[in-house]
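The figures here come from the full heavy-atom set of this structure, side chains too, leaving out hydrogens, waters and symmetry mates.
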Amino acid sequence: MSPNTSTSRGQLWDFFCGAFRRASLGLESLGPLHIHPAQSAPGPLRPRHATSQPPAESDGALPSTHPLHPGLAEQPVEGHPTTPSSRMGPLLLLFSCWTLVGAQTPLFKLRSVTLTIEPATDLLRDANATLWCRAGVSSSGTLTHVPVYTFYKDGTKVFTKKSASSELAYPLLHVRYSNTGKYKCRVEIDGQGENSDTSKLTVTGVSVPLLQLSRSTLSEGEELTASCSAPDETGAFFFYFYVDGREMQDQPARSNRADAQLRFNGGGVRQVHCDYTVMLAPGSTKSNKSNTVTVSVRELSFRPLLEIRPVAEVFEGDQLSVSCRPEGNSNIPGGLLLLLTHGTQLLGSGVDHVNSSITAKESGEIECSFEVGNVPKKATKNISVIELFSVPRLSVSLAEVFAGDRMVLTCSSAVLVARRLTSEDISYALDSKGPPTTELGAGRFSVRAPPHPLSYTCTATARGITKHSQALLVRPKVSVVRPSITVVGQVILGRPFQIRCLSEGGSLPINYTLFRKYEPLNVTTVSTPYQQALFTATIQESDDIKLYMCEAANKPNNEGELSPRLNASVIVPLSNATLTALPAPWDVSEGDALILICGVTGTPPVTFKWYRKDGGAQLLFAGTANGRSMAHRIHAVSRDHSGSYYCEAVNHARNPVRSQTVLIEVRLALWKKGMIAASCLLVLCVAALLCVLHFKSRRVTEDRTTSSMWSVRPATAASDEDASVGSREPDVEYTEVVHPQPTDPTKVVLKKGTDTVYTELQNAPPSVVADAAAAAAADHEYGSLQYADLKNTHPLLGPDEDYNHGLPVPVD
């Protein structure tokens, strides 16, 4: 609810209450209103947050001031009696007005709670302190609920109070150490609560304790009561009581006082005091020493009497006479029980007296004691016994004992009283649960060392006195077993590598020696379980690895165990890398499969890589082989595969090697070569054909020209008898000369070549024809022609066939 809402409600309250008061004056004129008193203030109409009760009525009259609004004082109206019944109407109206408008409950917020300690957080004892708890509250009006303040010390509630103030003080007067602690406070208002931060108060100092005794004089064995108090202190206590500076009792107490019962033995003057400790978690503090009180103790009139004979030099084995009896008036009913002891040994007991005869064995104190009531009485005497022989000592002959070795144990006493004892008077014995022993005499014993640690003791006995030596723990060493020899990592030819020698059994330290061809190279000693025997070596040949051995030894002046020969794989670095091409680099054609074989000399496995030089190194393929060579296959090469190739190889030696560069030139395929050759032949054939046709056309022209010159017969020449009669035209014969296999080679024309030659012949005399043919042959570039005898017969024609059949008609 906002402050504006509260203001509007206040204005409404004044308005309605004024109106209802004026209305009440008019209602009273109507006469008394009879309403049962139980109905005057119905329960559901009470304010929800009202905490105060209206004042009690006196003689049935209402208070002159309204319990909910002090400004509404009821005044009597002139001419109208103010009886209870007459005032019931205004009350109902006013109550209805209050219910309608609503009670004015202020809004608030508990913002913070703080705790402060004044004057300081560190105080001395008896100072006064005040703890202030302050509440920070934001409110829209006057609070109707009273805050509740609660103080806590170490988480425990110590004080709580209601206060309408915004702060509350918790005083601590005359603080004590018990007031030390951590404090905080809590404030609660109408369901809202908040805690403060914690503040620590420290009080230093406690009061001096006070000691009081019930009496200061008493007899031996009697008791008194001692009371120790811590004035003005509170808390949990521990009280301590001291007699002559020695703590006698301690008493816990929840109050500042404790009592103790103290008993005193022996006569004399005693000093008694006390102190205390205040327990406060998590620590405590101790007081100073109290006042000291003196106590006088009267001793009893009788005491024990102890006598020992002889009193001169006492040697081991001597017999001593000891007696014990009470001295003085000891009229005790029933007598006294006497006890005679030597150290922890009870020598004897009896009533009124004790006598004992003992053998002197060792120096010590003999005591005679008895008790009267609760008072113990005793008498003591020290006897000094001289040793006849000293306690024996057991030793072993070997500095280092190995399991199974024979060793000698010696038992001896270093001191002997010569005037009382000789070496022959002492006998020695060896106590052992191990292997059987052999006595060698004079306290010497031979025994085989056991395989595990074993304790030995010996005894020396003389004149009834037996003495035991201290235990001798023999820890036999274990001899080394045959060592193993291995390599650490890999063995690479020509490089240093490490050899490890290890014996699985054997006591440390162990000396390891490395041999090559039975010659010692180096020695190392292993002294701790985690140390290793490592040697560095280098070999130049693979078989040299088997020349190494090692020896392990842990016995002095004794040969050790030799290992077998070293057996390990040797990695030979790669060398002689070669690249081989199949087919040969100069015989690679398009479409062929090219195989590049990379081979090396060295130890596999080998990783191969093939490269092509194409402006830079282009990796083609990489692979690992368990052999010394590997092939890379290129299927169906093309002209683009021409170039330079090389390979690289590396093995576990990590030394890459590179082959030579191989130049691959891919040639044309055979079918392409055939097509080119066929194309060339075709071109040549076409060219030859053209040439033949050209020459043939020239020859025909030339032949016709020549025939025109010598084919016409002169007018004066005689006609042949076989020529045709009556013809005026010159007789011309055309003969086609072919080249079949002639029957008679002498009668056919011989011609070089395969061309068909057409010859124009005239019916001239044979001599003229021969001359003309010779002249034509002389002019032709193909050489001379041989003509056959052309008469009326031809070997390829019949006798009656016409030579001119089918020949063309000559043209002028």
Side-chain angles (χ1 to χ4, degrees), residues 399-400 402-403 477-578 598-609 622-630 647-659:
E400 293 181 343
F402 287 84
K477 289 189 173 184
V478 179
S479 300
V480 296
V481 297
R482 189 180 188 186
S484 62
I485 183 169
T486 56
V487 297
V488 179
Q490 298 175 333
V491 181
I492 300 176
L493 199 67
R495 299 183 190 177
F497 64 95
Q498 284 190 323
I499 299 175
R500 176 171 52 209
C501 190
L502 175 63
S503 176
E504 296 293 342
S507 301
L508 299 176
I510 300 176
N511 296 323
Y512 292 93
T513 305
L514 181 66
F515 290 88
R516 177 186 171 97
K517 294 182 179 180
Y518 295 99
E519 295 182 2
L521 298 180
N522 198 1
V523 178
T524 184
T525 301
V526 174
S527 303
T528 61
Y530 302 103
Q531 188 179 356
Q532 292 183 341
L534 299 176
F535 305 93
T536 302
T538 305
I539 58 175
Q540 302 300 329
E541 297 292 338
S542 299
D543 292 339
D544 292 348
I545 194 72
K546 298 180 180 180
L547 301 178
Y548 291 93
M549 295 181 294
C550 73
E551 181 188 65
N554 61 353
K555 289 184 178 181
N557 303 323
N558 192 6
E559 293 184 358
E561 296 290 336
L562 193 64
S563 72
R565 294 182 180 274
L566 179 60
N567 186 12
S569 299
V570 180
I571 298 175
V572 179
L574 299 182
S575 61
N576 303 328
T578 59
C598 188
V600 293
T601 299
T603 301
V606 182
T607 299
F608 296 92
K609 294 181 180 180
T624 302
N626 290 323
R628 295 180 178 84
S629 63
M630 190 175 182
C647 70
E648 289 183 354
V650 65
N651 65 353
H652 291 301
R654 304 297 180 189
N655 61 322
V657 293
R658 181 173 174 175
S659 70

Would you tabulate the side-chain donor-acceptor contacts of residues 567-575 under 3.5 Å, counting partners in other chains and residues two or more places apart, or write 'none'?
none

Heavy-atom side-chain proximity of [X] to [Y] below 4.5 angstrom:
X	Y	value
Pro483	Leu502	no
Arg628	Pro604	yes
Met630	Cys598	no

*Between Ser507 (side chain) and Val478 (backbone), is there a donor-acceptor pair under 3.5 Å?*
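Checked: pair present.
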Can you name the side chain to side chain donor-acceptor pair (under 3.5 Å) partners of [X], sequence neighbours left out?
X	result
Arg516	Tyr548
Tyr512	none
Ser479	Lys555
Thr607	Thr624

Nearest-0.5 Å distance that lies between atom [atom1] in [X] and atom [atom2] in [Y]:
X	Y	atom1	atom2	value
Lys609	Cys647	NZ	SG	12.0 Å
Met549	Arg565	CE	CZ	4.5 Å
Ile492	Ile539	CD1	CD1	10.5 Å
Leu514	Asn522	CG	CG	7.0 Å
Thr603	Asn651	OG1	CG	6.5 Å

_With Glu400 via salt bridge (charged side-chain N to carboxylate O under 4.0 Å, His left out) - residues at least two apart_ = Lys477
*Applying salt bridge (charged side-chain N to carboxylate O under 4.0 Å, His left out), name anything that partners Lys546, two or more places apart in sequence or on another chain.*
none
*Please, which pairs that meet disulfide (SG to SG under 2.5 Å) have at least one residue in residues 514-574, sequence neighbours excluded?*
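Residue pairs with at least one partner in residues 514-574: Cys501-Cys550.
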*Please, which pairs that meet side chain to side chain donor-acceptor pair (under 3.5 Å) have at least one residue in residues 486-505, sequence neighbours excluded?*
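Passing the test, one end in residues 486-505: no pairs.
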*Applying side chain to side chain contact (heavy atoms under 4.5 Å, CB included), name anything that partners Thr578, two or more places apart in sequence or on another chain.*
Gln660
*Does Pro520 have any side chain to side chain contact (heavy atoms under 4.5 Å, CB included) partners at least two apart in sequence or in another chain, and if so, which?*
Thr513, Phe515
Which donor-acceptor pairs under 3.5 Å do the side chains of residues 524-537 make with protein atoms, sequence neighbours left out?
unit_1	atom_1	unit_2	atom_2	d
Thr525	OG1	Asn511	OD1	2.7
Gln531	OE1	Ser527	N	3.0
Gln531	NE2	Thr525	O	3.1

